[in-house]
Amino acid sequence: ETAKLISSVFNAQIFENGLVHCDPHQSNVLLREHPKKKGKPQIVLVDHGLYKRLDPEFQESYARLWTGIVMADISAIKGACESLGVDKMYPLLAAMLTSRPFDEVI
């Protein structure tokens, strides 16, 4: 449940709001019991000094990259990476994002 919550917080920042907290280490991402939903976790982000506004083109390309990764579609991964300026290093970026060797990504 906590992992899903953390994922949803950062996914919303990247794909919905386009405003990303850029310093999410363990001292800046706090977990506590939700004050209105007993027994449920709540994420609290602190230290709001470093944010990045993502432009819509980046958000769309990044979404296409993740779709390509999830679908194991090499041409989609390559195309999305090219639009992000990665070009020939697309296997490395996909491997870095998934923490898996590229041959396991596809």
Side-chain angles (χ1 to χ4, degrees):
E1 190 172 354
T2 301
K4 283 183 181 180
L5 180 59
I6 291 171
S7 292
S8 71
V9 165
F10 286 95
N11 283 334
Q13 288 180 21
I14 295 167
F15 298 112
E16 295 173 21
N17 306 322
L19 190 64
V20 179
H21 188 291
C22 295
D23 194 19
H25 57 78
Q26 67 261 15
S27 296
N28 287 346
V29 180
L30 308 178
L31 181 66
R32 69 179 184 187
E33 183 177 356
H34 197 290
K36 296 180 181 176
K37 301 175 184 174
K38 292 297 178 195
K40 299 289 184 181
Q42 182 182 49
I43 300 293
V44 179
L45 298 176
V46 297
D47 188 0
H48 300 284
L50 186 58
Y51 274 84
K52 171 72 176 162
R53 167 108 18 224
L54 304 177
D55 61 58
E57 293 82 18
F58 175 88
Q59 288 177 288
E60 194 231 321
S61 295
Y62 196 62
R64 286 189 299 110
L65 173 58
W66 273 106
T67 300
I69 289 171
V70 169
M71 301 303 291
D73 182 342
I74 294 176
S75 63
I77 294 169
K78 186 175 182 181
C81 284
E82 285 174 358
S83 67
L84 292 167
V86 177
D87 297 325
K88 295 177 184 169
M89 299 302 290
Y90 69 91
L92 179 60
L93 180 58
M96 290 169 54
L97 290 173
T98 60
S99 298
R100 297 181 348 214
F102 186 66
D103 62 344
E104 291 181 15
V105 172
I106 54 167

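Values reported hereafter were calculated over all heavy atoms of this structure, with side chains retained and with hydrogens, waters and symmetry mates removed.
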**Q** Side chains of Glu1 and Pro41, heavy atoms from C-beta outward: is any pair under 4.5 Å?
**A** yes
**Q** Does the side chain of Ser7 come within less than 4.5 Å of Asn11's, by heavy atoms?
**A**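 In contact.
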**Q** So which heavy atom on Leu54 is nearest to which on Val20, and how close?
**A** CD1-CG2, 3.5 Å
**Q** Identify the heavy atoms of Glu33 and Gly39 that sit nearest to each other, and give their distance.
**A**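 Closest approach of Glu33 to Gly39: OE2-N, 2.9 Å.
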**Q** Which value, rounded to the nearest 0.5 Å, describes the distance between Gln13 atom CD and Gln59 atom CD?
**A** 11.5 Å
**Q** Would a distance-only check, ignoring hydrogens and angles, find a side-chain to backbone donor-acceptor pair under 3.5 Å from Asp47 to Asn28?
**A** no
**Q** With a 4.5 Å heavy-atom cut-off, do Tyr51 and Cys22 have their side chains touching?
**A** no
**Q** Treating Ile, Leu, Val, Met, Phe, Trp and Tyr as nodes and any side-chain heavy-atom pair under 4.5 angstrom as an edge, say whether Phe15 and Phe58 lie in one connected cluster.
**A**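 Shared cluster, yes.
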**Q** Would you say Leu45 ends up clustered with Leu31 if hydrophobic residues are merged whenever their side chains have heavy atoms under 4.5 Å apart, either directly or through other cluster members?
**A**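 Result: yes, single cluster for both.
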**Q** Would you tabulate the side-chain donor-acceptor contacts of residues 77-97 under 3.5 Å, counting partners in other chains and residues two or more places apart, or write 'none'?
**A**
unit_1	atom_1	unit_2	atom_2	d
Ser83	OG	Ser61	OG	2.8
Ser83	OG	Arg64	NH2	3.0
Ser83	OG	Ala80	O	2.7

**Q** Does any part of the side chain of His21, heavy atoms only, come nearer than 4.5 Å to the side chain of Lys52, both counted from C-beta?
**A** no
**Q** Test of understanding: clusters of I, L, V, M, F, W, Y form through side-chain heavy atoms closer than 4.5 Å, transitively. Do Val46 and Val29 belong to the same one?
**A** no
**Q** Distance-only criterion, 3.5 Å: show the donor-acceptor pairs between side-chain atoms of residues 65-75 and protein atoms not counting sequence neighbours.
**A**
unit_1	atom_1	unit_2	atom_2	d
Trp66	NE1	Tyr62	OH	3.2
Thr67	OG1	Ala63	O	2.9
Asp73	OD1	Ser75	N	3.1
Asp73	OD1	Ser75	OG	2.8
Asp73	OD1	Ala76	N	3.1

**Q** Applying side chain to side chain donor-acceptor pair (under 3.5 Å) as the test, list every pair that has at least one member in residues 92-106; sequence neighbours left out.
**A**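 For residues 92-106: none.
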**Q** Are any non-hydrogen side-chain atoms of Leu30 and Ile43 less than 4.5 angstrom apart?
**A**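 Side chain of Leu30 against side chain of Ile43, heavy atoms only: no contact under 4.5 Å found.
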**Q** Which distance, rounded to the nearest 0.5 Å, do you find between the NE2 of His34 and the NZ of Lys40?
**A** 10.5 Å
